[in-house]
Number of protein chains: 2
Amino acid sequence: MANIHDVARVAGVSISTVSYALSGKRPIGEKTRLRIDAAVRELDYMPNAAGRMLAGTRTRIFALTAPLRSDTYAPAHMAFVLAVATAARKYDYDVLLLTEDEATDGLRRVSSSRLVDGIIVLDVSINDERAELVRALGVPAALIGVPGNADGLVCVDLDFEAAAALAVDRLVDAGHTSLALLGHPGVVYERGSNFPTRFRDGFLRRAAERGVTARFTMTEKDPPEVRAALSGVLDAVPAATGLVVHAEEGVHKAVLEAVAGRGLSVPGDLSVIAGAPTFDTSAFTPPLDVIPLIPADTCTRAVELAVQQLDGTVAPRVELVAPTYREHGSVAAPRPGS
Amino acid sequence: MANIHDVARVAGVSISTVSYALSGKRPIGEKTRLRIDAAVRELDYMPNAAGRMLAGTRTRIFALTAPLRSDTYAPAHMAFVLAVATAARKYDYDVLLLTEDEATDGLRRVSSSRLVDGIIVLDVSINDERAELVRALGVPAALIGVPGNADGLVCVDLDFEAAAALAVDRLVDAGHTSLALLGHPGVVYERGSNFPTRFRDGFLRRAAERGVTARFTMTEKDPPEVRAALSGVLDAVPAATGLVVHAEEGVHKAVLEAVAGRGLSVPGDLSVIAGAPTFDTSAFTPPLDVIPLIPADTCTRAVELAVQQLDGTVAPRVELVAPTYREHGSVAAPRPGS
DNA sequence: CCCACGAATCGAAACGTTTCGACAAACATC
DNA sequence: GATGTTTGTCGAAACGTTTCGATTCGTGGG
């Protein structure tokens with residue numbers, strides 16, 4: 001396998017000239033550059049990664065720690081992992097995947113052996129030991145999600161409170177005065193990520209601000225549980241006419257089936273908005289209005305912030321990505337008499 | 001950050017002695033080793049990864065290419081990715097995650113820059129360009145799944161044919177003479193991985209060998225489609241009394257619901273076996289007998305073979321992992337009159 | 001005509017390891 | 001007591017880059 005010396009010899013220049021020609025960090029004469037380019041192609045030269053890491057100050061690798069908790073929704077998790085890898089490539093970075101059972105030891109290992117330039121932390125929970133560790137290690141890092149104590153850390157996440165508020169606003173603006181939020185199973189709110197809590201709080205707060213009735217119900221993903229939870233809010237007085245669902249894909253489908261099962265139509269009898277899903281709600285029957293959680297957005301920003309920490313200093317911050325609303329026709333005015 | 005020179009100075013030895021003490025490749029005096037160990041702890045020394053890669057012959061990194069096709073079942077996919085990462089750690093290897101849109105370029109890049117020692121290829125399809133590329137690059141690699149042309153490649157996979165045959169045997173041994181296989185959607189059999197085909201062929205062949213009736217039906221994952229497919233085999237003459245399901249999690253659940261919906265019981269009216277799932281069928285109602293596809297098994301073996309290719313040569317091969325059967329009470333003798 | 005300056009190139013020193021060969025000392029063999 | 005072997009340690013040469021400071025050469029200004 002050719003190295004830089006081979007290229008230099010074939011092009012008839014010194015290795016430093018080759019290096020500068022390839023990096024563009026110093027001006028190189030026209031003819032010389034052409035000769036070097038030709039030599040590179042002829043030898044199929046590609047710089048050796050280890051040599052580069054050693055001489056340069058960068059390894060061009062980020063570590064990614066992505067715990068798979070029992071209550072993690074695999075498709076969303078996978079989407080985030082891939083989004084990080086894809087975003088990293090845009091900055092010419094590769095991603096080293098740490099295993100969950102080596103979460104802290106792995107972080108320690110790759111950062112103190114200088115194998116990675118920084119760390120992307122996925123699915124941060126409220127009391128996340130990885131947050132503490134990252135702070136202690138002083139390694140460039142970007143967390144996706146917000147830990148209980150975010151001091152000194154760079155965090156990125158969807159603005160779940162604003163997303164919930166946006167959903168409330170849409171429903172209230174359409175004329176609804178009795179809303180309900182169907183959320184994740186209880187265990188998710190107790191320990192785990194704090195975004196479900198933030199969504200719930202945003203929902204309840206904005207509903208209060210707008211002066212409308214609001215109920216919050218948690219549900220498991222089994223269709224019977226979903227039916228029961230739905231009945232709870234539809235049979236209440238006053239019955240909910242606007243529904244926000246913040247849960248995984250199966251729950252959305254179960255909700256739509258249960259609604260149809262009751263002989264109700266969307267949005268005729270019930271307006272429905274999907275809150276912060278990573279999946280596609282436009283293919284549902286009926287398609288659902290949605291405030292999407294787009295992994296690529298959050299992950300791209302996180303990678304960007306990680307890269308920026310390497311040169312020029314980025315102040316610690318919690319950066320919340322503004323939510324967007326996409327209409328698919330599942331929200332309408334409530335029926336006059338209801 | 002301390003380096004090996006610091007350790008040597010503190011311990012009062014040369015750097016080569018430190019290196020040998022840490023690697024254990026040459027005998028080191030008792031007192032000397034203790035001094036070195038003390039110095040390492042005192043300085044919190046950890047060898048620099050780049051220096052190691054450059055001087056040694058190994059980078060201790062494997063690349064993992066794991067394409068996410070539209071018909072990929074995310075939870076299974078994720079399970080395999082994590083299983084590879086976990087298995088790699090057992091051999092002191094880290095895993096670099098390549099993105100799908102950079103599948104071939106990425107492989108080329110990381111192997112010719114010598115960033116990785118080898119490649120693990122996940123979810124290999126029949127005409128997989130990655131298989132060709134790996135062959136052409138001559139890089140140590142282990143494929144999980146079997147490409148159309150496996151010449152010169154090291155492949156590992158569950159023995160899907162044997163798994164299907166095992167399911168048939170169990171049902172026939174229990175007295176069933178009319179079997180059905182509920183498989184993946186049609187698109188999966190046309191282009192994509194070849195394991196669904198292998199499972200189907202194993203099923204049909206063994207049924208023929210045992211002289212029993214066998215039907216194969218593909219189904220989409222929507223409950224209505226599943227119901228229709230199920231009706232197809234239960235209303236046929238002779239009606240199937242033994243059912244093998246080789247599909248994703250939702251299909252299994254839909255099958256059980258549909259069976260219950262028809263007023264049938266498992267295994268009273270219908271014996272059911274789950275074929276090669278990655279999820280847990282023992283928590284279903286009722287729990288299903290299963291021939292599991294265990295990502296850890298396949299992935300551990302693949303990593304092992306990749307490691308072995310680095311020293312001592314491993315002959316190209318297709319290594320099929322023998323299936324195992326786990327009873328959960330969903331198979332019984334058919335009802336006498338049926 | 002001399003000087004300063006920029007452009008283009010080179011040589012050499014780093015980066016932090018591993019590993020080969022050498023060497024001294026201790027020890028066993030006959 | 002000479003000879004060979006093992007044990008423990010060291011020095012130095014790789015490994016393949018990047019990058020800092022020269023050096024050379026032409027060019028335009030005074």
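Here is the naming used below: chain letters follow the sequence lines, and residue numbers restart at 1 for every chain. Source: prediction; values computed, not measured.
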Peer 1: Name the residue closer to the 5' end of DNA chain C, choosing between M46(B) and V13(A) according to the nucleotide with the nearest heavy atom.
Peer 2: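 Result: V13(A).
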Peer 1: Is it the case that R130(B) and T65(B) place a side-chain donor and acceptor less than 3.5 Å from each other?
Peer 2: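 T65(B) and R130(B) do have a side-chain donor-acceptor pair below 3.5 Å.
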Peer 1: Output yes when at least one side-chain N/O atom of S16(B) is less than 4.0 Å from OP1 or OP2 of dT9(D), else no.
Peer 2: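 Answer no for this pair, as no side-chain N or O of S16(B) is under 4.0 Å from OP1 or OP2.
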Peer 1: Provide, to the nearest angstrom, the distance between the CZ atom belonging to R114(B) and the C1' atom belonging to dT17(D).
Peer 2: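 In whole Å, dT17(D) C1' lies 15 Å from R114(B) CZ.
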Peer 1: Could you state the atom-to-atom distance from CE of M1(A) to P of dG16(D) in whole Å?
Peer 2: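 Going from CE in M1(A) over to P in dG16(D) covers 11 Å.
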Peer 1: Whole Å only: how far is the OH atom of Y20(B) from the C1' atom of dT7(D)?
Peer 2: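 Rounding to the nearest Å, OH of Y20(B) and C1' of dT7(D) are 14 Å apart.
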Peer 1: Using ring pair (Phe, Tyr, Trp, His ring centres under 6.0 Å) as the criterion, list what pairs up with Y73(B), not counting sequence neighbours.
Peer 2: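 If we apply the ring pair (Phe, Tyr, Trp, His ring centres under 6.0 Å) test to Y73(B), skipping adjacent residues, there are no hits.
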Peer 1: What's the CD1-P distance between I15(B) and dC15(C), to the nearest Å?
Peer 2: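 After rounding, the reported distance stands at 12 Å.
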Peer 1: Are the charged groups of R41(A) and D44(A) less than 4.0 angstrom apart, N to O?
Peer 2: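 Looking at D44(A) together with R41(A), the answer is no, because their closest N to O distance does not fall below 4.0 Å.
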Peer 1: Whole Å only: how far is the CG atom of D6(B) from the C1' atom of dG16(C)?
Peer 2: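 Taking atom C1' of dG16(C) as the reference, CG of D6(B) is at 11 Å.
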Peer 1: Is there a donor in the side chain of Y93(B) and an acceptor in the side chain of D117(B), or the other way round, less than 3.5 Å apart?
Peer 2: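 Yes.
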Peer 1: Crowded around D101(B) CG? As in, over 12 foreign heavy atoms under 6.0 Å?
Peer 2: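 Result for CG/D101(B): enclosed.
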Peer 1: Which residues within residues 25-34 of chain B lie with some heavy atom under 4.0 Å of an atom in DNA chain D?
Peer 2: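 Within residues 25-34 of chain B, the residues near DNA chain D are R26(B), P27(B), I28(B), G29(B), T32(B).
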Peer 1: I'd like to know if the side chain of S113(B) and the backbone of R109(B) have a donor-acceptor N/O pair within less than 3.5 Å.
Peer 2: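 Judged by distance alone, yes, a pair lies under 3.5 Å.
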Peer 1: Counting heavy atoms not belonging to R114(A), are there more than 12 under 6.0 Å from its CZ?
Peer 2: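 Open: at most 12 neighbouring heavy atoms sit under 6.0 Å from CZ of R114(A).
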Peer 1: Considering just the side-chain nitrogens and oxygens of S19(A), establish if one lies under 4.0 Å of OP1 or OP2 belonging to dT18(D).
Peer 2: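 Affirmative; the distance criterion is met.
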Peer 1: Nearest whole angstrom, please: distance from the P of dA12(C) to the NE2 of H5(A).
Peer 2: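 Atom NE2 in H5(A) sits about 12 Å away from atom P in dA12(C).
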Peer 1: Counting only N and O atoms by type, is there a donor-acceptor contact under 3.5 Å from the side chain of H77(A) to the main-chain atoms of P67(A)?
Peer 2: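 Side chain of H77(A) to backbone of P67(A): a pair is present.
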Peer 1: Within residues 47-60 of chain A, find the residues that approach DNA chain C with a heavy atom at under 4.0 Å, and present them sorted by residue number.
Peer 2: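 Within residues 47-60 of chain A, the residues near DNA chain C are L54(A), A55(A).
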Peer 1: Checking side-chain polar atoms at under 3.5 Å, does T298(B) have a donor or acceptor matched by the opposite partner on D157(B)?
Peer 2: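 Not at all, the side chains of T298(B) and D157(B) share no donor-acceptor pair under 3.5 Å.
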Peer 1: Please figure out whether V18(A) or G12(B) has its closest DNA chain D nucleotide nearer the 5' end.
Peer 2: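 Closer to the 5' end of DNA chain D: G12(B).
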Peer 1: Expressed in angstrom and rounded to an integer, what is the separation of N3(B) atom CG from dA14(C) atom P?
Peer 2: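 That distance rounds to 14 Å.
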Peer 1: At under 4.0 Å, does any side-chain N or O of T17(B) touch on OP1 or OP2 of dT9(D)?
Peer 2: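 For T17(B), the contact criterion (side-chain N or O under 4.0 Å from OP1 or OP2 of dT9(D)) is not met.
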